[in-house]
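For reference, the structure discussed in these notes is given below.
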Amino acid sequence: MIGLIDCNNFYVSCECVFNPHLIGRRVAVLTNNDGCVVSRSPEFKKLNIPVGTPYFKIKDLEKPLGLVFISSNYELYADMSNRVMSVLRQFTPHLEQYSIDEAFVHFNLSKDYDYESLAKELRERILQWTGIPTGIGFASTRTLAKLGSEIAKKKTKTGVFVMPQHAENILRETPVGDIWGVGPRVEKRLMALGIRTALQLAEADLPWLQKKFSVCLVRTVLELQGQSATAAEDFGHPMKTAACTRMFGTPIVDFEELRETVADYAESAAARLREMGKQAVGACVFFLYYPEYYPVALPEGGAEINVMFGHPTNNTAEIFAALAPNLPKIFQQGRRYKKSGVIFFGLENGTLIQPELFPAPIRTNVSDRVVETLDIINRQFGRRAVHCLASGLARPWTMRREKLSSRYTTAWDGLPLAR
DNA sequence: TCTGGGGTCCTAGGACCC
DNA sequence: TCTGGGGTCCTAGGACCC
């Protein structure tokens with residue numbers, strides 16, 4: 001049996017652990033740059049303001065409706081996620097972390113084992129040890145377990161649900177768009193073809209579906225039928241790319257500032273590479289700009305460039321030395337830039353990547369030892385305690401985080417106070 | 001004025017090979 | 001007048017997930 005543990009309103013729940021007075025209120029966590037709503041408390045959900053709603057559109061409702069907005073605090077959420085995962089690992093080593101707030105667990109117990117009790121125990125332990133409420137579903141396949149956890153959250157008081165052997169009645173009640181893997185596009189097309197419920201999808205003709213849609217949907221159908229079609233290798237696999245991309249707090253017109261953002265993002269993505277013990281063979285750098293209306297209307301757009309490093313590396317200085325000369329190639333004077341990003345690729349060991357015939361040698365006098373030392377300092381004294389000068393000093397472009405909560409678990413000055 | 005960030009996989013079509 | 005069949009690789013775009 002496969003279980004799916006899904007944290008309820010994860011980011012909001014994390015904030016509530018350290019700010020109990022938020023419990024019961026209309027709380028929403030905002031995306032980076034305070035762009036839009038990403039996580040909502042149950043009370044906030046009742047207002048029918050969907051995830052993705054831009055903050056500036058609902059800012060004015062803050063006072064009249066008593067809304068609480070919080071900037072996202074990924075250091076806190078990542079740490080809380082690790083805590084939840086480590087509780088789960090006490091129950092089984094067969095764990096596939098699927099996202100920051102979700103994981104599949106595998107249990108190979110006897111057929112009539114009481115999975116309901118097991119699920120309750122998991123839920124209780126996570127709640128008690130981390131303060132995070134969860135919805136837990138058990139079933140024979142990942143897709144069904146996922147559906148089970150949704151039912152657990154929405155339709156049970158216990159927060160757990162075990163799919164019965166014959167799930168026809170449940171699938172009949174499930175809109176096809178609620179199935180994991182059926183997104184809005186496919187849902188629309190299925191509806192047009194008269195397939196409205198999960199049961200209808202489960203009973204559809206497979207070759208026909210394969211022809212009309214894709215092998216992805218066929219796999220989903222097999223899973224609904226109780227036949228595992230998502231491979232274990234697809235989960236918990238090593239990452240293939242690692243990126244850092246950001247909208248700017250204010251638009252950038254100056255090339256030097258744009259260059260700073262690339263240095264900054266390359267630095268933090270490279271730090272992640274080193275954390276994972278990986279190296280990249282190259283990176284894609286991109287710039288995106290806003291549309292222009294004056295003197296002539298020009299659409300929004302951007303440019304990107306792929307840079308090969310010549311040899312795999314995770315040395316920030318080497319990486320920036322390789323990227324910097326390429327930046328003018330994708331920069332246009334006079335544009336108002338809104339976003340940039342660095343995406344490392346070629347992370348998998350043994351991946352075959354077409355190298356350049358004559359790679360330019362990368363020259364830097366910053367050794368790996370120096371980079372490692374900076375990592376040690378930053379781990380102890382906080383991100384950017386030391387950083388490369390190329391990433392700027394004034395940094396007017398950094399993202400807005402006006403309503404940031406404390407780093408309760410990852411910084412000494414963020415510890416909660418007990419009175 | 002103003003809408004995030006980090007991922008994965010699949011498919012169709014173009015270009016090329018013999 | 002008029003040209004086959006069997007492949008591979010790459011890329012852009014689409015779709016999905018959280």
Side-chain angles (χ1 to χ4, degrees), chain A residues 4-11 28-40 49-60 69 71-74 77-78 81 96-104 135 142-143 146 149-150 177-190 209-220 229-231 233-251 261 265 268-269 272-273 276 284 286 288 290-294 300 304 306 336 338-345 347-348 352-354 399-402:
Chain A
L4 190 267
I5 293 86
D6 193 344
C7 300
N8 301 353
N9 341 308
F10 184 55
Y11 298 166
V29 171
L30 304 172
T31 57
N32 271 341
N33 228 12
D34 294 345
C36 46
V37 171
V38 70
S39 178
R40 306 165 298 160
I49 298 172
V51 163
T53 305
Y55 172 54
F56 74 88
K57 281 191 179 171
I58 49 175
K59 217 172 179 175
D60 294 340
F69 292 108
S71 300
S72 46
N73 185 344
Y74 283 97
Y77 312 148
S81 171
E96 299 158 354
Q97 184 170 352
Y98 177 62
S99 71
I100 194 165
D101 73 330
E102 273 175 85
F104 291 102
R142 293 184 183 82
T143 304
K146 192 94 165 115
S149 82
E150 290 303 314
D178 287 2
I179 297 298
W180 184 43
V182 178
R185 310 282 168 110
V186 169
E187 178 189 17
K188 209 175 153 198
R189 287 174 59 201
L190 285 171
L209 272 184
Q210 159 102 52
K211 212 175 144 204
K212 278 253 177 200
F213 295 86
S214 73
V215 66
C216 304
L217 193 61
V218 170
R219 286 182 197 145
T220 296
T230 49
E233 307 87 67
D234 293 347
F235 297 85
H237 56 61
M239 273 204 285
K240 295 175 175 171
T241 60
C244 182
T245 70
R246 297 266 182 283
M247 295 274 296
F248 310 136
T250 52
T261 67
Y265 303 167
S268 63
R272 268 194 11 241
L273 285 183
M276 298 187 290
C284 171
F286 69 84
L288 293 182
Y290 287 107
E292 296 292 336
Y293 304 101
Y294 183 84
E300 63 179 352
E304 63 179 58
N306 284 315
R336 288 166 63 243
K338 61 173 174 183
K339 182 175 183 174
S340 72
V342 177
I343 305 165
F344 289 121
F345 54 79
L347 270 50
E348 250 178 343
L352 293 176
I353 301 271
Q354 180 67 54
M399 64 179 170
R400 290 186 294 269
R401 292 214 279 185
E402 286 164 9

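Source: prediction; values computed, not measured. Numbered from 1 within each chain, the chains take letters A, B, ... in sequence-line order.
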Among residues at least two apart in sequence or on other chains, which ones pass side chain to side chain donor-acceptor pair (under 3.5 Å) with A:E187?
none

A:L190 vs A:F213 side-chain heavy atoms within contact, under 4.5 Å
yes

Enumerate the protein-to-nucleotides 4-7 of chain B contacts in which both atoms are nitrogen or oxygen and the separation is below 3.5 Å.
unit_1: B:dG4; atom_1: O4'; unit_2: A:T31; atom_2: OG1; d: 3.1
unit_1: B:dG5; atom_1: OP1; unit_2: A:M247; atom_2: N; d: 2.8
unit_1: B:dG5; atom_1: OP2; unit_2: A:M247; atom_2: N; d: 3.1
unit_1: B:dG5; atom_1: OP2; unit_2: A:K339; atom_2: NZ; d: 3.4
unit_1: B:dG5; atom_1: O3'; unit_2: A:R246; atom_2: NH1; d: 3.1
unit_1: B:dG6; atom_1: OP1; unit_2: A:R246; atom_2: NH1; d: 3.0
unit_1: B:dG6; atom_1: OP2; unit_2: A:T245; atom_2: N; d: 2.6
unit_1: B:dG6; atom_1: OP2; unit_2: A:T245; atom_2: O; d: 3.0
unit_1: B:dG6; atom_1: OP2; unit_2: A:T245; atom_2: OG1; d: 2.5
unit_1: B:dG7; atom_1: OP1; unit_2: A:R272; atom_2: NH2; d: 2.3
unit_1: B:dG7; atom_1: OP2; unit_2: A:A243; atom_2: N; d: 2.8

Going by the rule salt bridge (charged side-chain N to carboxylate O under 4.0 Å, His left out), which residues pair with A:K338 if we only count those two or more places apart in sequence or in a different chain?
A:E300

If you find the nucleotide of DNA chain B closest to A:V215 and the one closest to A:P291, which residue's nucleotide is nearer the 5' end?
A:P291

Can you confirm whether A:D6 sits close enough to A:D101 that some side-chain heavy atom of one is under 4.5 Å from a side-chain heavy atom of the other?
yes

Go through the structure and list residues passing salt bridge (charged side-chain N to carboxylate O under 4.0 Å, His left out) with A:E102, not counting sequence neighbours.
A:K146

If I take atom CZ in residue A:R219 and atom P in nucleotide C:dC16, what distance separates them, rounded to the nearest angstrom?
15 Å

Please report the distance, rounded to the nearest Å, between NZ in A:K59 and C1' in B:dT3.
13 Å

Quick one: list whatever passes side chain to side chain contact (heavy atoms under 4.5 Å, CB included) with A:R336, sequence neighbours left out.
A:P251, A:V253, A:Y290, A:E292

For A:L209 and B:dC10, give me the distance from atom CG to atom C1', rounded to whole Å.
16 Å

Partners passing side chain to side chain contact (heavy atoms under 4.5 Å, CB included) against A:Y74 (at least two apart in sequence or in another chain)
A:Y11, A:N32, A:S72, A:Y77

A:L288 has an atom CG; how far is it from atom P of B:dT3, in whole Å?
12 Å

Value in whole Å for how far the C1' atom of B:dT3 lies from CG of A:D34:
12 Å

Whole angstrom value for the distance that separates C1' of B:dT3 from CD1 of A:I49
15 Å

A:F104 has an atom CZ; how far is it from atom C1' of C:dC18, in whole Å?
11 Å

Just to be sure I understand the rule, does A:K338 reach a base, reach only the sugar-phosphate, or reach nothing, if contact means heavy atoms closer than 4.0 Å?
nothing

Quick one: side chain to side chain contact (heavy atoms under 4.5 Å, CB included) partners of A:V51, sequence neighbours excluded?
A:R40

Assign A:F10 to base, sugar-phosphate, or nothing according to its heavy-atom contacts below 4.0 angstrom with the strands shown.
nothing

How is the base pairing of DNA chain C summarised as a dot-bracket string, given the Watson-Crick and G-U wobble criteria with both distances under 3.5 Å, [ ] for crossing and | for another strand?
....||||||||||||||

List in chain and number order the residues that pass side chain to side chain contact (heavy atoms under 4.5 Å, CB included) with A:C244, two or more places apart in sequence or in another chain; answer none if no residue qualifies.
A:R246, A:Y265, A:S268, A:A269

Those residues that, when tested against A:D34, pass salt bridge (charged side-chain N to carboxylate O under 4.0 Å, His left out) (two or more places apart):
none

Can you list everything that forms a side chain to side chain donor-acceptor pair (under 3.5 Å) with A:T261? Sequence neighbours excluded, please.
A:S340

Identify all pairs in which a protein N or O lies below 3.5 Å from an N or O of nucleotides 11-15 of chain C, and state each distance.
unit_1: C:dA15; atom_1: OP2; unit_2: A:R185; atom_2: NH1; d: 2.5

